[in-house]
2 protein chains.
Amino acid sequence: MATMQDVARRAGVSVSTVSYVLTGARPISQATRAKVLSAMAELDYQPNAMARGLASRRSRILGLLMPMDERGLGATETAFVTGAAAAASAAGYHLVLSPIGAGEVDELRRLASQRMLDGALLMEVQLDDPRVDVLRELSVPLVLIGRTADTTGLSYVDIDFDRTVRDAVDHLVRLGHRRIVYVNHSPATIAHGYGPALRTRDAFVAAMSGHGLDPLMIAAEDSAAGGRDALSEAFDRAPDLSAVLAMNESAVFGILGELARRGLAVPGDVSVVSMVTSPQVAELATPALTAMTSPGSALGRIAVETLLRHIDADSGEIYQQLLPCVLEVRGSSGPPGTAGGAAGDGPARPTPGRT
Amino acid sequence: MATMQDVARRAGVSVSTVSYVLTGARPISQATRAKVLSAMAELDYQPNAMARGLASRRSRILGLLMPMDERGLGATETAFVTGAAAAASAAGYHLVLSPIGAGEVDELRRLASQRMLDGALLMEVQLDDPRVDVLRELSVPLVLIGRTADTTGLSYVDIDFDRTVRDAVDHLVRLGHRRIVYVNHSPATIAHGYGPALRTRDAFVAAMSGHGLDPLMIAAEDSAAGGRDALSEAFDRAPDLSAVLAMNESAVFGILGELARRGLAVPGDVSVVSMVTSPQVAELATPALTAMTSPGSALGRIAVETLLRHIDADSGEIYQQLLPCVLEVRGSSGPPGTAGGAAGDGPARPTPGRT
DNA sequence: ACCGATTGTCGAAGCGCTTCGACTAAGCGT
DNA sequence: ACGCTTAGTCGAAGCGCTTCGACAATCGGT
């Protein structure tokens, strides 16, 4: 392992000069810079991260605090991660993921108070997230992915649920649907104040009302069984329903199963649109699901850029940004009342869309 | 931020003594240790990771190199990660995940040659994985999750595919099935030499032969459509088939869809068993899938323990370990030829055009 | 009672880098 | 011509920790 000493010696300059070449903290002449760079290349020099971190009090590490619940990560999350990692890498930072949720605050405190993190991105943010307090206390810059209840003084990036729901409803209404039911997360989740569930609920009411339609929402457990039950309830309360908008990725499969059991065709009898769903999951269903695809990778990039802005210009300035999901029409939505016909991948009135 | 100086001063000892208390590198009397510890507590002291890393040439960071493909992470992977993180944390190490696949070798080289990693765990190992070469060259200890073609001198932990396939086949045979078809990954995947596909193929042949049965394998594309096609092919080649064993999580949903389309009940007409599938995914199907559940969390723990053994006793000793998936019987498997009656969720059979 | 080993502690020398102050040599306006 | 800023470089002082050698004190064993 070559050190900076070696490079300096070989280039015939002092170590501080080498350092300045690397960091750009002071002007260096073209000639010197060239000598230094070629010495580095010849020695295959790589700065030692620890030494650099110690001296500069900057680790060049960004933490991505990502709870890993049992149910795995959707493609949305992985897209987010890769987007974020690419952005970090481009800026000369490392992005390290740590499976730290609102529960494991201790581990976070360890990480942060050892001064390992220059900043942090929080995923799966709770309305009242203890991780925020820990990081603030240790004055580690942070950016939320999602939103806490009180976002004053906090930067975040999040999905624009209002816009997303509105676009989804518009899609169905434009196809001719009037009776649309919204299958949300479970009552418990809603009662617990889970942001996306609340925001989409309100957005759904607003969007439907805007079209002069009656907004019917049903809360479903996050499981296939929950979806089946939700669909039954939906038919009880609105026998004439022709479209389902589902927030709940697990329930969607139950909904489809129950629809099939009742001998109803998708989208001939009932159209189904899934929210915040990755293309990969959408393709699992038969027919493939028309869905609102989340802007995972863009969200990741923006989050990192925002965090970096905080880090190296730590004015108290804050940035709050929302990105909508984009509609991708696949086989599960079509005009109402065309049972037997429009099935499959049929011409469901293509809509421009894609990330 | 309190430093070690502060602690030493407050405890009335030298810094080296404080250090020895922390690292245990030399014996310290009970009395002194107590003084030091209480000084630490009072000052809320946390050692600075960078300084420690620089001085000791050990970062106490383990890298988990986890490719993040577009399709997201299964529950198996997340269980692995949490298991690994817990084990690392218990040993005083940090586990950082880096979305580094066989493609992004440069990023890995950066990470490793900056001496940031004390060791690495490689997920999604390819038969000939360039990451292994990079790490060896930089002499970073590593443990594979999975296996390369040549594992001499390499430690790994992996799923015991032989045992897993055998258990799955035994389950079906014991239920009375004779005609069992194995739906593997795609021909391309197999041709490319993907380990699990090859190993399960061979294990399937062995297991079936052991029962005096004819081993029929079909390679399916990794998609719902691939599953549908595979099932059609299966019926062409074995009209009397009564059970499907599927390796391919994406294809399973297509298989179920096609079964429903043909008006065949699961498990009344055909039993379906899924391999290496998480409970969460298994529950998505209707009926829920009987599946071989992978030992994700245990795998993670063992991998970390193995890696640590390498790190702090770097004899050339190697460890190679296999863990089987365990059978979890749900609704999709039952005795053959009991259409209408069988176990599971009951009459899941009518209705062309489900899912 | 004396030796060698062990236990317990300290001071000091780094680990490989950044960064501050100092210095030289130009370049500028006046 | 004068001081003054700016570009370009160097030496040295750390950053907060680990670890080595030294040394005093204690402890059997004979």
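In the text below, chain A, chain B and the rest are named by the order of the sequence lines, each starting its count at 1.
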(message) Can you tell me which residue among L108(A), V134(A), L138(A), V140(A) is in a side-chain contact (heavy atoms from CB on, under 4.5 Å) with S113(A)?
(response) L138(A)

(request) Check whether any side-chain nitrogen or oxygen of T17(B) sits under 4.0 Å from OP1 or OP2 of dC10(C), and answer yes or no. (result) yes

(message) Nearest to the L54(A) side chain among dT9(C), dT18(C), dG16(C), which nucleotide is it?
(response) dG16(C)

(request) For R9(A) and dT9(D), give me the distance from atom CZ to atom P, rounded to whole Å. (result) 19 Å

(message) Using whole Å, what does the distance between atom C1' of nucleotide dT18(D) and atom CE of M4(B) come to?
(response) 8 Å

(request) Between dG16(C), dA7(D), dC17(D), spot the one nearest the side chain of P27(A), thanks. (result) dA7(D)

(request) May I ask you to say whether E317(A) pairs ionically with R309(A), meaning some side-chain N is under 4.0 Å from a carboxylate O? (result) no

(message) Given the structure, check if the side chain of R26(A) and the base of dT9(D) hold any donor-acceptor pair shorter than 3.5 Å.
(response) yes

(message) Could you tell me how far apart D6(B) (CG) and dC15(D) (P) are, to the nearest whole angstrom?
(response) 11 Å

(message) Distance alone, cut at 3.5 Å: any donor-acceptor contact between the side chains of H94(A) and Q114(B)?
(response) yes

(request) Look at T32(A) and dG8(D) and indicate whether a side-chain polar atom (N or O) is within less than 4.0 Å of OP1 or OP2. (result) no

(message) What I want to check is whether an N or O donor and acceptor connect the side chain of S16(A) with the base of dG11(D) at under 3.5 Å.
(response) yes

(request) Examine dC17(D): is either OP1 or OP2 under 4.0 Å from a nitrogen or oxygen in the side chain of Y45(B)? Give yes or no. (result) yes

(message) Whole angstroms only, please: what is the CZ-C1' distance between R58(A) and dG16(C)?
(response) 18 Å

(request) State whether a side-chain donor-acceptor pair under 3.5 Å links R110(A) with S89(B). (result) yes

(message) I want to verify a distance call: between dC15(C), dT9(D), dC10(C), whose nearest atom is closest to the V13(B) side chain?
(response) dC10(C)

(request) Would you please confirm or rule out a distance under 4.0 Å between OP1 or OP2 of dC10(D) and any side-chain N or O of S14(A)? (result) yes

(message) Students often get this wrong, so: under 4.0 angstrom with heavy atoms, is I28(B) touching a base, only sugar-phosphate, or nothing?
(response) sugar-phosphate

(request) Taking only the side-chain nitrogens and oxygens of S19(B), find out if one of them lies under 4.0 Å from OP1 or OP2 of dC17(D). (result) no

(message) Between T148(A) and T151(A), is there a side-chain donor-acceptor contact under 3.5 Å, judged purely by atom types and distance?
(response) no

(message) So R57(A), base contact, sugar-phosphate only, or nothing? Heavy-atom distance under 4.0 Å.
(response) sugar-phosphate

(request) Hey, which sits more toward the 5' end of DNA chain C by its nearest nucleotide, S56(B) or Y20(A)? (result) S56(B)

